[in-house]
Novice: 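Please see the structure below; I have some questions.
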Amino acid sequence: MNEYRTHTCGELRAEHIGQSVKLAGWIHRKRNLGNLCFIDLRDHYGITQCVFDSSSDLFDKIKDIRVESVIGIIGEVVARESVNKNMPTGDIEIKAEEVIVYSAADVLPVQVVGECNEPEELRLKYRFLDLRREVLHSNILLRCKVISEMRRLMNEQGFNEYQTPILTASSPEGARDFLVPSRLNPGKFYALPQSPQQFKQLLMVSGFDRYFQIAPCFRDEDPRADRSPGEFYQLDMEMSFATQEDVMKVIEHTMGTIFNEFAFGRSVSQAPFMHIPFRESMLKYGSDKPDLRNPLIIADATPFFNNSGFGVYDAKVANGEQIRAIKAPNAGNKPRSFFDKFDAYAKEQGMGGMAYVAFADGGAKGVAKFFSEEKLAELKQTFDVKDGDAVFFMGGAKKVINKFAGVVRNMIGEALDLFDKKSIKLCWIVDFPFYEENEETGAVEFSHNPFSMPQGGLEALNTKNPLDILAYQFDLVCNGVELASGAVRNHSPEVMYRAFEIAGYEHSVVDNKFGGLVTAFRYGAPPHAGCAPGIDRTVMLILDEPIIRNVILFPLNGKAQDLMMQAPNTVTEEQIKELHIDLKL
RNA sequence: GGGGGUGUAGUUCAGUUGGUUAGAACGCUGCCCUGUCACGGCAGAGGUCGCGAGUUCGAGUCUCGUCGCUCCCGCCA
């Protein structure tokens, strides 16, 4: 190939025996038998065993060099005396004739070979060593392939990739901004974009028709296991003269193809993905991001507890509370302790307790004794329960019961091992409410994104109860993870002013905060719609990787610090002065 | 901002009811070893038990405080 190597460490096979080759890479492992030394040489492509004999003067040269040093080896490809069937290159080895040490390694602070259970702090500080590990290295490579596929699929569907600004204006909606002080404009700040939302809409107004971008997004919020602090990437897309269905089709094709290509033996939901209206999702799954690998569905049992005989729940209903039922298939024979565990959980969560009826061997346990024969038969019919099944009942205030039932649904699914772990289940959550009521003040607020179009347009805004208006707003959900958010945008200044007015904002507020966008809409704006699937999360789902940092090259830690680059850091007084900033710590 | 978990050698961990000199594995250093592939064998170095106070004749172990990390809630398209 060149002066450093003729082959990579992954490509030599039996057919190369007899050839003189040159390899370069890291010393993965070293086995010194005294008068014979084996070195496993590793590079991006694989591992090749090299052998050194004490009869050669090379032996002294490599005897003292540590693992992870970078060396080059010239030698002959020979057949191994003992073949290693576990290695792709296991038929051959390199009989070393010359060694070049390019870079000797110090004693390592973290091990590159073997299990990876060092503290994450150390791994992040020495990320370049961590990234040499097989798992992390291949995670990152898979991420590259996913992004490459995204670009190919979007291009294929007529989308072009455009770069939008990184230094932009702070936007009042949504997350906390990262601010950048302006040297040329004393006292003023740029913000890093939380997403290219306004720019991609402006691109539509500029007539570009179909936009996408592998877009960096910045948000100054606290992290989670599936939420990296600081920055993340999304496949941002927008299209003109398009409906909700048009956007869904593009995303279904793009994400569906990617999940199918990287399914690794799992089954994948095929397009079109199931549509679940928001309110139905909250009732049936107790969440707006349901994990459909769990087959359980929550039922509204409120009507059932109308003089049912079970006084505690009848009273709850009379009190305005709601009851939910979750069937536990084939759990009728479970011991008392199984059911008590859930009851204890409900008590711990301040939900009173959890009643159950378990049907087994023709009998019924739990709170069955409160029900008449007829009521018990009605129960079986209403909640589709057979002999051998059980059903849980839980009650609570309207605001909390759905979410609680959603957690219990997952707990029961886990306890009975009902999750279809060998599947990737995708669905759309649609018909999000446009507004919601602030629980404390009672005021009407935007529930999601104020840029989306209310269903029914201006007429709906003028005639309907705001809390009944739905938005052309939709989420793509995969295995219980919110993967993407999309919307038909509001491209009409008139509708936008009215929408903000209902949420209590004057026209001037709209003009001030979204002036660029609203002005643009006055000069000919096409109807448009778009969506933005998260890339980090997509890769996590493909790899079934619970920690987002394991799909990111150089992630920040929980305090949004880069332990390797030591960012954030103090800067010189001069720099501060130049930015017209006065620090008060 | 709130709650849970956690902190012992470079790393992963063990450490009994509070009791003599705090152990093991990996890694590191030295010696031996010509077919290993997690090579093996022998020897060795390496510790303010996160930090501070308290109880006690005696604290890695009990109590209080504090700090770091991590997970969750709040927050977050």
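Residue numbers begin at 1 in each chain, while the letters A, B, ... track the order of the sequences.
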Novice: Would A:Tyr435 and A:Phe446 count as a ring pair (Phe, Tyr, Trp, His ring centres under 6.0 Å) here? Give the steps.
Specialist: CA-CA 5 Å; A:Tyr435 295 107; A:Phe446 289 112; 5.5 Å; yes

Novice: Could you tell me how far apart A:Phe59 (CZ) and B:U34 (P) are, to the nearest whole angstrom?
Specialist: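 These atoms are roughly 9 Å apart.
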
Novice: Before accepting this row, confirm whether a basic side-chain N of the pair A:Glu120/A:Arg127 lies closer than 4.0 Å to the acidic partner's carboxylate O.
Specialist: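 Looking at A:Arg127 together with A:Glu120, the answer is no, because their closest N to O distance does not fall below 4.0 Å.
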
Novice: Taking only side-chain nitrogens and oxygens of A:Lys559, does any of them come within less than 4.0 Å of OP1 or OP2 of B:U70?
Specialist: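 No, A:Lys559 has no side-chain N/O under 4.0 Å of OP1/OP2 on B:U70.
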
Novice: For salt bridge (Lys or Arg N to Asp or Glu O under 4.0 Å), just list the numbers for A:Asp343 and A:Lys347, CA-CA rounded to whole Å, side-chain angles, deciding distance to a tenth of an Å, and then say yes or no.
Specialist: CA-CA 6 Å; A:Asp343 186 52; A:Lys347 287 197 171 90; 2.6 Å; yes

Novice: A:Asp246: which residues meet the side chain to side chain donor-acceptor pair (under 3.5 Å) condition with it, sequence neighbours left out?
Specialist: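 Only A:Thr243 meet the side chain to side chain donor-acceptor pair (under 3.5 Å) criterion with A:Asp246.
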
Novice: Base contacts versus sugar-phosphate-only contacts with protein, heavy atoms under 4.0 Å: please encode nucleotides 7-13 of chain B as B, S and - from 5' to 3'.
Specialist: ---SSS-

Novice: Under the salt bridge (Lys or Arg N to Asp or Glu O under 4.0 Å) criterion, do A:Arg42 and A:Glu68 qualify, and how do the steps go?
Specialist: CA-CA 9 Å; A:Arg42 183 195 73 235; A:Glu68 294 306 316; 2.9 Å; yes

Novice: Determine which bases of RNA chain B form Watson-Crick or G-U wobble pairs with both distances under 3.5 Å, and write the result as a 5' to 3' dot-bracket string with | for other-strand partners.
Specialist: (((((((..((((.....[...)))).(((((.......))))).....(((((..]....))))))))))))....

Novice: Which parts of nucleotides 39-49 of chain B does protein reach within less than 4.0 Å, heavy atoms only, written one letter per nucleotide 5' to 3' as B for base, S for sugar-phosphate only and - for none?
Specialist: B----------

Novice: According to side chain to side chain contact (heavy atoms under 4.5 Å, CB included), who are the partners of A:Ala346, at least two apart in sequence or on a separate chain?
Specialist: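 In terms of side chain to side chain contact (heavy atoms under 4.5 Å, CB included), with neighbours along the sequence ignored, A:Ala346 is linked to A:Met351, A:Met354, A:Phe404.
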
Novice: Could you list the residues that satisfy side chain to side chain contact (heavy atoms under 4.5 Å, CB included) with A:Phe178, not counting sequence neighbours?
Specialist: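 Testing A:Phe178 for side chain to side chain contact (heavy atoms under 4.5 Å, CB included), a comparison that skips the adjacent residues, returns A:Leu192, A:Phe218, A:Asp220.
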
Novice: When you get a sec, tell me which of B:C28, B:U36, B:C75 is the closest nucleotide to the side chain of A:Val107?
Specialist: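 So the nucleotide nearest the side chain must be B:C28.
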
Novice: Side-chain contact test, heavy atoms from C-beta onward, threshold under 4.5 Å: evaluate it for A:Phe432 versus A:Asp475 and give yes or no.
Specialist: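 SC-SC contact between A:Phe432 and A:Asp475 confirmed.
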
Novice: Check side chain to side chain donor-acceptor pair (under 3.5 Å) between A:Arg80 and all other residues, then give those that pass, not counting sequence neighbours.
Specialist: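 Side chain to side chain donor-acceptor pair (under 3.5 Å) check on A:Arg80 returns nothing, list empty.
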
Novice: May I ask you to evaluate whether A:Arg123 reaches the phosphate of B:C69, defined as a side-chain N or O under 4.0 Å from OP1 or OP2?
Specialist: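 So the side-chain polar atoms of A:Arg123 never come under 4.0 Å of the phosphate oxygens OP1 or OP2 of B:C69.
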
Novice: Out of B:G74, B:C37, B:C69, which nucleotide sits closest to the side chain of A:Met87?
Specialist: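 Looking only at side-chain atoms, A:Met87 lies closest to B:C37.
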
Novice: Considering every strand and a 4.0 Å limit on heavy-atom distances, what is the contact class for A:Arg227: base, sugar-phosphate, or nothing?
Specialist: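 Touches a base.
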
Novice: Please report the distance separating the C1' of B:G46 from the corresponding atom of B:C28, rounded so that it comes out in whole Å.
Specialist: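 Rounded to whole Å, the distance is 9 Å.
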
Novice: Figure out the CG/P separation between A:Asp220 and B:G74, and round it to whole Å.
Specialist: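 These atoms are roughly 18 Å apart.
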
Novice: Considering only side-chain heavy atoms of A:Asp53, which listed nucleotide, B:C72, B:C69, B:U34, is closest?
Specialist: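 Closest nucleotide among those given: B:U34.
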
Novice: From the list B:C75, B:C37, B:G68, which nucleotide is the closest neighbour of the side chain of A:Arg224?
Specialist: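 When the side chain of A:Arg224 is considered, B:C75 is the closest of B:C75, B:C37, B:G68.
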
Novice: Could you list all the ring-ring contact (aromatic ring centres under 6.0 Å, His included) pairs where at least one residue sits in residues 29-65 of chain A, not counting sequence neighbours?
Specialist: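 Counting only pairs at least two positions apart or across chains, the ring-ring contact (aromatic ring centres under 6.0 Å, His included) contacts touching residues 29-65 of chain A are A:His44-A:His137.
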
Novice: Could you give the NZ-to-P distance, from A:Lys63 to B:U34, as a whole number of Å?
Specialist: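 Interatomic distance, NZ of A:Lys63 to P of B:U34: 14 Å.
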
Novice: Determine whether a donor-acceptor pair (one donor, one acceptor, N or O, separation below 3.5 Å) exists between the side chain of A:Asn84 and the base of B:C37.
Specialist: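 Looking at the base of B:C37, it does pair with a donor or acceptor on the side chain of A:Asn84 (distance under 3.5 Å).
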
Novice: Enumerate the residues from residues 532-551 of chain A whose closest heavy atom to RNA chain B is under 4.0 Å, giving them by residue number; use none for an empty result.
Specialist: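 Listed by number, they are A:Arg549.
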
Novice: Expressed as a whole number of angstroms, how long is the span from A:Glu120:CD to B:U6:P?
Specialist: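 Those two atoms, CD and P, are 18 Å apart.
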
Novice: Who passes side chain to side chain donor-acceptor pair (under 3.5 Å) against A:Asp53, sequence neighbours left out?
Specialist: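 Partners of A:Asp53 by the side chain to side chain donor-acceptor pair (under 3.5 Å) criterion, ordered by chain and then number, come out as A:Ser55.
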
Novice: For the C1' atoms, the ones on B:G1 and on B:U48, what distance do you get once it is rounded to whole angstrom?
Specialist: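 Rounded to whole Å, the distance is 34 Å.
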
Novice: Rounding to an integer number of angstrom, what distance separates B:U17 and B:G58 when you compare their C1' atoms?
Specialist: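 Those two atoms are separated by 15 Å.
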
Novice: Between B:G60 and B:G54, how many Å separate the two P atoms, rounded to a whole number?
Specialist: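 15 Å, rounded to whole Å.
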
Novice: Identify, with sequence neighbours excluded, every residue that meets side chain to side chain donor-acceptor pair (under 3.5 Å) alongside A:Asp562.
Specialist: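 Counting only residues at least two positions away or on another chain, A:Asp562 forms no side chain to side chain donor-acceptor pair (under 3.5 Å).
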
Novice: Determine the contact category for A:Glu68: base if any of its heavy atoms lies under 4.0 Å from a base atom, sugar-phosphate if only primed atoms, P, OP1 or OP2 are that close, otherwise nothing.
Specialist: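 Counting heavy atoms under 4.0 Å across all strands, no contact is made by A:Glu68.
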
Novice: Could you check how far CD of A:Glu121 sits from C1' of B:G50, rounded to whole Å?
Specialist: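 One finds 11 Å between C1' of B:G50 and CD of A:Glu121, rounded.
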
Novice: Without decimals, in angstroms, what is the distance between A:Lys95 NZ and B:U36 P?
Specialist: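 So the NZ-P distance, A:Lys95 to B:U36, works out to 17 Å.
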
Novice: When all nucleic acid strands are considered with a 4.0 Å heavy-atom cut-off, which category describes A:Glu81: base, sugar-phosphate, or nothing?
Specialist: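 Base contact.
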
Novice: For A:Glu482, answer base if it contacts any base atom (sugar-phosphate contacts may also be present), sugar-phosphate if it contacts only those atoms, and nothing otherwise; contact means non-hydrogen atoms under 4.0 Å.
Specialist: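 Base contact.
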
Novice: Which part of the nucleic acid, if any, lies within reach of A:Asn557 when heavy atoms closer than 4.0 Å are counted: base, sugar-phosphate only, or nothing?
Specialist: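 Sugar-phosphate, backbone atoms only, no base.
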
Novice: Starting at CD1 of A:Ile214, measure out to CD of A:Gln234 and round the result to the nearest 0.5 Å.
Specialist: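 It is 10.0 Å, given to the nearest 0.5 Å.
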
Novice: Do A:Tyr472 and A:Asn490 have a side chain donor and acceptor closer than 3.5 Å?
Specialist: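 The criterion, which ignores hydrogens and geometry beyond distance, is not satisfied for A:Asn490 and A:Tyr472.
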
Novice: Sequence neighbours excluded, which residues qualify as side chain to side chain contact (heavy atoms under 4.5 Å, CB included) partners of A:Gln163?
Specialist: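 Here the qualifying residues are A:Glu161, A:Gln213.
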
